[in-house]
Amino acid sequence: MSSLLNGAKLKRNFYTRDVLTVAKELLGKILVHNVRGQILAGKIVEVEAYDGKIDKAAHSYVGRTKRNEIMFNEGGYLYVYLSYGVHYCCNVVTGVKDHGTAVLIRAVEPVEGIERMIKNRYGKKQVTEKEMFNLTSGPGKVCMAMEINIKHSGLDLLGDKIFILNRRKVKEEMIGVSKRIGISKSAHLPWRFFIKHNPYLSR
DNA sequence: ATCAAGATTACCT
DNA sequence: GGTAATCTTGATA
């Protein structure tokens with residue numbers, strides 16, 4: 001018998017590599033949140049890379065602050081921040097300690113705990129097809145559906161609360177590349193990666 | 001102290 | 001297409 005959630009958890013050496021490599025390879029992997037035994041899970045379909053060394057759009061570009069200090073951990077930790085004072089966005093810290101790089105999870109395709117995600121997002125049980133594809137198609141939506149908030153910032157992804165399951169690499173020809181969305185500084189960098197034609201993309 | 005911008009989203013016309 | 005909601009940060013005073 002096979003499960004949608006079989007496979008091994010990604011290990012430290014996956015995360016401690018270069019942020020662009022990790023960003024691309026996170027596509028197709030399964031983000032899992034264990035909420036007291038109830039599993040919320042989604043396949044990562046859209047990400048963006050941020051590198052505080054050279055990227056003015058990265059929170060870490062200005063150096064350490066109370067908000068961004070988690071970004072300076074070694075790879076494999078969760079960095080969550082409040083966007084526009086309204087929505088949470090979750091990132092996977094990458095690279096070596098003190099580098100200040102992370103990958104923003106912009107969209108996932110729901111895999112498990114879908115009814116609970118629908119309740120988290122819409123407060124009801126029945127949804128239209130349009131609402132279904134709007135469930136996790138943006139960074140704030142992912143966090144709302146998967147119950148990820150500021151209290152989870154700093155969590156070790158090698159732990160049992162929030163983690164990522166390995167999957168085979170998405171084929172290069174299936175990966176789309178573009179400029180990042182919603183930023184004005186360092187806007188030209190082609191650091192958004194996504195699985196082409198996936199219906200859960202943010203746009 | 002005050003202010004403007006920001007890795008977003010939902011709702012309005 | 002436009003904009004309100006609402007918190008953190010950094011710049012200016």
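Remember, predicted model here, so these are calculated numbers, not experimental data. Just so it is clear: chains get the letters A, B, ... in the order the sequence lines come, proteins before strands, and each one is counted from 1.
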| task | Mind calculating the distance between NZ (A/Lys185) and C1' (B/dA7) to the nearest angstrom? | result | 11 Å

| Given B/dG6, is OP1 or OP2 found less than 4.0 Å from the side-chain N or O atoms of A/Ser184? | yes

| field | Side chain to side chain, A/Glu48 and A/Ile105, heavy atoms closer than 4.5 Å | value | no

| message | More than 12 heavy atoms of other residues, nucleotides or ligands under 6.0 Å from NZ of A/Lys179: yes or no? | response | no

| query | Are OP1 or OP2 of B/dA10 and a side-chain N or O of A/Arg121 less than 4.0 angstrom apart? | reply | yes

| said: Using the rule that Ile, Leu, Val, Met, Phe, Trp and Tyr join whenever any side-chain heavy atoms are under 4.5 Å apart, tell me whether A/Leu201 and A/Val170 fall into a single cluster. | reply: yes

| said: I'd like the P distance from B/dA5 over to C/dT3, given in whole Å. | reply: 15 Å

| task | Would you mind reading off the distance between A/Met144 atom CE and C/dT6 atom C1', rounded to a whole angstrom? | result | 14 Å

| For A/Arg67 and C/dC7, is the shortest distance between a side-chain N/O and OP1 or OP2 below 4.0 Å? | no

| task | May I have the distance from A/Arg203 (atom CZ) to C/dG1 (atom P), rounded to whole angstrom? | result | 11 Å

| field | Spacing of A/Arg106 atom CZ relative to B/dT8 atom C1', expressed in whole Å | value | 8 Å

| field | Rounded distance in Å - NZ (A/Lys56) to P (C/dA11) | value | 13 Å

| field | B/dC12 - base-pair partner by Watson-Crick or wobble geometry, distances under 3.5 Å | value | C/dG1

| request: Evaluate whether the aromatic ring of A/Tyr50 and the six-membered ring of the B/dA7 base sit under 5.5 Å apart, centre to centre, with an inclination under 30°. | output: yes

| said: When both hydrogen-bonding distances must be under 3.5 Å and the geometry is Watson-Crick or G-U wobble, what is C/dT8 paired with, if anything? | reply: B/dA5

| message | Tell me if the centroids of the rings in A/His59 and A/Tyr81 come within less than 6.0 Å of each other. | response | yes

| query | With respect to the side chain of A/Asn134, which nucleotide from B/dA7, B/dA10, C/dT9 is positioned closest? | reply | B/dA10

| Between B/dA7, C/dG10, B/dT9, which nucleotide gets closest to the side-chain atoms of A/Leu104? | B/dA7

| Length of the NE2-P vector between A/His87 and C/dT8, whole Å | 15 Å

| Quiz item: A/Tyr81 side-chain donor-acceptor pair to B/dA7 base, under 3.5 Å | yes

| field | Atom pair distance, as rounded to whole Å: CG in A/Asn91 and P in B/dA7 | value | 11 Å

| request: Consider the side chain of A/Val62, meaning its heavy atoms from C-beta on, and name the nucleotide among C/dG10, B/dT8, B/dT9 that approaches it most closely. | output: C/dG10

| Under 6.0 Å between the ring centres of A/Tyr77 and A/Tyr79? | no

| message | When the P atoms of C/dA4 and B/dA4 are compared, how many Å lie between them, rounded to an integer? | response | 14 Å

| said: Under 6.0 Å from the ring centre and within 45 degrees of the ring axis: does the NZ or CZ of A/Arg192 meet both conditions for the six-membered ring of A/Phe194? | reply: yes

| Between B/dA7, B/dT9, C/dT9, which nucleotide has the shortest distance from any of its atoms to the side chain of A/His59? | B/dA7

| query | A/Val86 side chain: which of C/dG10, B/dA10, C/dA5 is closest? | reply | C/dA5

| query | When we call it a touch if two heavy atoms are under 4.0 Å apart, what does A/Leu82 touch: a base, just sugar-phosphate, or nothing? | reply | sugar-phosphate

| request: Hey, which sits more toward the 5' end of DNA chain B by its nearest nucleotide, A/Gly85 or A/Val142? | output: A/Gly85

| task | Nearest whole angstrom, please: distance from the P of C/dC7 to the CD1 of A/Ile150. | result | 13 Å

